[in-house]
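Structure first, commentary second.
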Amino acid sequence: MVKNTILGYVKIGALAVFMVLMSACQGVALLDPQGPVGIQIRDLLMIAVGLGFLVVIPVIIMTIWFAVRYRESNTKATYKPHWEGSLKIEAFIWLIPIAIIVVLSYLTWVKTTDLDPYKSIPSSEAPLRVQVVSLDWNWLFLYPDYDIASINKLVIPTGTSVTFDLTSATVMTSFFIPDLGSQMYVMAGMVSHLNLLADNTGTFTGRNMGFSGKGYATMNFPTVAVTTEQFKAWTAEAKASPTPLSQDQFNQLNKPQSNYPVTLYSSVEPDLFNSIVAKFMTNRQVEGTKHGESEKTATTVN
Amino acid sequence: MFGRLTWDSFQIHDPFLFAATVGMPLGVIALVAVLAYFKLWGYLWSEWFTTVDHKKIGVMYIILGLIMMVRGVVDAIMMRAQQAVALGEALGYLDANHYAQIFSAHGTIMIIFAAMPIMIGLMNLAVPLQIGARDVAFPALNSISFWLTASASILVMLSLSIGEFSTAGWTGLAPYFEKEFSPGTGVDYWTWALQISGVGTTLTGINFLVTILKMRAPGLTLMKLPLFSWTALTTNVIIILSFPALTVALFLLSLDRYLDMHFFTNDLGGIVMLYANIFWMWGHPEVYIVILPAFGVFSEVVATFSRKYIFGYESLVYATVVIAFLSFTVWLHHFFTMGNDVNVNIAFGIATMLIAIPTGVKLFDWLFTMYRGRIHFSTPMYWTLGFMVLFAIGGMTGVLMAVPPIDYMVHNSVFLVAHFHNVLIPGALFGYFAGLIYWFPKVFGFKIDEKWGKVSFWCWAIGFPLAFFPLYVLGLMGMPRRIEHYTNPEWQPLLIVAGIGTVVITAGIAALLLQGWKTFQDREKNADPTGDPWNGRTLEWSISSPPPVYNFAVIPQVTARDDFWVQKEKGTAYPRPEKYSDIHMPKNVPYGVVIGAASFFLGFGLIWYIWWMAILGALGIVVTMMVQGDNDDTEYVITAEEVKKIEDAHFERLAAAGVLSGKPRNANQESHHE
């Protein structure tokens, strides 16, 4: 009877702790992910923390326990000043960490392969391609499938794998939407890739994680995940925008400035993304003459 | 005439920098005047600045490191204060550029100009004494090493007032640190300060490696070497192997910035990713350079205060060497998110996790040293216990970040900031504090105040989790590092808690200073006439405190691990030699100061494009080296009579203290109560 009551209390207590933890996780993006990449990494994190605790908790308990038990004033405790080793204990303290690391290594191998940011995510919808250009200090998003563009606002359909091609028109930055999953460096003269998928609609903050100078702290953008229909509507809205993204317009954007107002562009200068990448790859002095090289770049980009 | 140095370069516009610009020279002038008034300059010059005595050089290193640490702490307080308030409309009191200078300076100073000098200072104090040597292998070189570090520190401090410091973080960011994006003097201050101190550190590495390998007392085989000396040995091997990578990375950057080359630029064939690779080939081993000697301190402290042999000596040695080896195989984990091939990330991820094995073994070895010991809770033991609890957590978060997908989420966030502070503060800094308090009586002849030491410990032990555990949560909320302003209101409460933690830590530092003051006040009460205040185990405790300039009147013959302890048990400690011989000791040299000063001018000239100054500085270094090389009059003799006089006085003190029987003063019988 008493046992049952205690068990009941324990259950209620555990439930309360669980509720508190869950509500605490609400604001913690990485523990409350909105896409499959984030969910898998969160689960991996939980397993790794569990494995880590297998060593950390005994170490902390033993530190306190031994310190109290073998304090100088406790003359009742055994004292063995000449004891300097024990093969059994030594084997144990080498094998336990080795076993844990072997398990974690295997997990790392499997999960790192699964969660390769370059791998597209299986989804029922055809994947969406978004080209991302990091500027000082704004984010430009090109949608080559729709020939539209947007600055400082990313709109994606839910349930669709989104493949980001990332390049920088300036210093190195890092593209990250914490609610969805992995981040990836963004570098000039080359293209890196990242695949993400949003399960749920909502607005998630995306941002630059790599320090890039004065406007770094404000280099954020809303990521709006909408239904496929809403996304279609949004592309139509962009198409109706009065502003095309011409080379001139891009040159205006590509100047040190912060918090550029969100703008949609109805069309994009042909080959703009490739030309941004190629700009850093051709020799400045002979620009325009070495046509072959920029074409080679273009092929590696696609 | 003065390159790009103009009146506008002097920082008098910002109130904080104005205080520094006006305050620092005034402080220096006041200090110079006070020292002149008390006629201390001659004493300082002949006894300290030109000294080649490893003990005094060690003390100077530690003073330098502590001063720079205070500067680094001020930076930390400024950053925490800014982030506690800078939400939304409130922009805080620092602009982006100033904030970036502060976080760059904080990291550079804490690693290179606080941790490294304190670590090298401890090696200087303890290593020659532990191995039964009279000095290091190259005493004049030791002085040069110190003055190179000191002149680099002055360059960093000067960047507060003249010009600016780098905004590219302590690690440097390619291509942001190129002239195109960072045209000012900041990056050059950073580069040349690191280069100059890097030369000093490399020379130290060579010096101590040779010292430990060649100057051990007869009988002191490597597997009898005290564990602090073992960690010093491995650290110096890492220094020698890794510092060239830093030198090369910075040299290539300078070629870019000064001669318009393109190693790390965006265009014309520059490879930004190359910089990250070369830098971290030094940067990761560097972490173990600062942490391994602290591990050595813990090994000494835990055995001494548990009154017991260290548990698993061989394991600890092998673990140290394995860590040193692995430290060179993991650099890529600093940029898993660079778009590397999956298998590359896996290989480096697993290599990183492997380090957890020898590190875990070390923790268990220290724990089993305490097991069945008789633990005396002196301040060094407090720091050791605090380390074991906090470091276990920091080590675990490191293993988490070694898993590449987890790193994809927390890389460059404040989770990372929390992790490396959680390993470096308990791991390195707590170890340094323990070591400073442990060897303080050896160097000065009196014990350090315990009460304020314990107050300081508790401030750190409570302040540390308050200041850094919230950053773990913030990192999981997606908060990046290095931002001076944010718009997410959910972050602020945790940032305020972190700010409060910083206040508690600052109180800990105040307590530490008070501890120093109380120690000085009570120096007669706490005097230790025996040279063995802790009932020590290794050779350094067998001689007087402070040790005579020659350390050992007769080079000891070592027969066992913990040799001094064994001798005390046998009753053969403090043997009185039948006769003494003359001792040859190295003479003081002014070359260290001169080369340090010349390097300062070389660096300052290069930073400001004052080419004549740079050339004079470079010439100064070369000429001084040639003059020194030509100098054969490098030794003096302490006669056998003088040695006998000094040693007789020590034996009188030992007799008066009643320790000449040679028995350990504490009961040392095994007991089997349970």
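The analysis underlying the following values was restricted to heavy atoms, covering all of them including side chains, and did not include hydrogens, waters or symmetry mates. In the text below, chain A, chain B and the rest are named by the order of the sequence lines, each starting its count at 1.
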Legend entry - Top contributor to chain A contacts, counting heavy-atom pairs under 4.5 Å, from Pro405(B), Ser413(B), Ala319(B): Pro405(B)

Inset, instruction - Select one option (side chain, backbone, both, neither) describing which atoms of Asp179(A) are under 4.5 Å from chain B's heavy atoms. - result: neither

Inset, instruction - Let me know if Phe311(B) has heavy atoms under 4.5 Å from chain A in its side chain, its backbone, both or neither. - result: both

Inset, instruction - Return yes if some donor-acceptor pair links the side-chain N/O of Asp116(A) with the main-chain N/O of Val342(B) below 3.5 Å, else return no. - result: no

Legend entry - Contacting region of Phe391(B) [heavy-atom separation from chain A under 4.5 Å]: neither

Legend entry - Closest contact, heavy atoms only, Ala48(A) versus Ile406(B): CB-CD1, 4.1 Å

Legend entry - Thr205(A) portion near chain B, given a 4.5 angstrom heavy-atom threshold: neither

Inset, instruction - Name the orientation class of the two ring planes belonging to His411(B) and Tyr185(A) (parallel below 30°, tilted from 30 to 60°, perpendicular beyond 60°). - result: tilted

Inset, instruction - Measure distances from Ala174(B) to the heavy atoms of chain A and classify the residue's part below 4.5 Å as side chain, backbone, both or neither. - result: backbone

Legend entry - Portion of Arg42(A) that has a non-hydrogen atom of chain B nearer than 4.5 angstrom: neither

Legend entry - Residue Phe176(A) versus chain B: region with a heavy atom under 4.5 Å: side chain

Inset, instruction - State, to 0.1 Å, how close Phe211(A) and Ala100(B) come at their nearest heavy-atom pair, and which atoms those are. - result: CZ-CB, 3.6 Å

Inset, instruction - Spell out, as yes or no, whether a donor-acceptor pair under 3.5 Å connects the side chain of Arg374(B) to the backbone of Ala77(A). - result: yes

Legend entry - Best-contacting candidate, Asp562(B), Asn97(B), Asp365(B), against chain A by heavy atom pairs under 4.5 angstrom: Asp365(B)

Legend entry - Which atoms of Ser212(A) approach chain B - backbone, side chain, both or neither, heavy atom under 4.5 Å: backbone

Inset, instruction - Sort Phe103(B) into side chain, backbone, both or neither according to what part of it lies under 4.5 angstrom from a heavy atom of chain A. - result: side chain

Inset, instruction - Working to the nearest 0.5 Å, report the span between OH of Tyr176(B) and OG1 of Thr173(A). - result: 13.5 Å

Legend entry - Contact class of Val49(A) relative to chain B, heavy atoms under 4.5 angstrom: both

Legend entry - Contact summary for Met184(A) and Thr337(B), nearest pair of heavy atoms: SD-O, 3.4 Å

Inset, instruction - Could you tell me how the ring of Tyr371(B) sits relative to the ring of Tyr70(A): parallel (under 30°), tilted (30 to 60°) or perpendicular (over 60°)? - result: perpendicular

Inset, instruction - Kindly compute the distance separating CG (Leu400(B)) from CG (Leu45(A)), expressed to the nearest 0.5 Å. - result: 6.0 Å

Legend entry - More than 12 heavy atoms of other groups within 6.0 Å of Tyr118(A) OH: yes

Legend entry - Backbone N/O of Thr170(A) and side chain of Asn266(B): donor-acceptor pair under 3.5 Å: yes

Legend entry - Where Met172(A) and Pro175(B) come nearest, the two heavy atoms and their spacing: N-CD, 3.6 Å

Legend entry - Aromatic plane relationship, Phe368(B) with Trp83(A) - under 30° parallel, 30 to 60° tilted, over 60° perpendicular: perpendicular

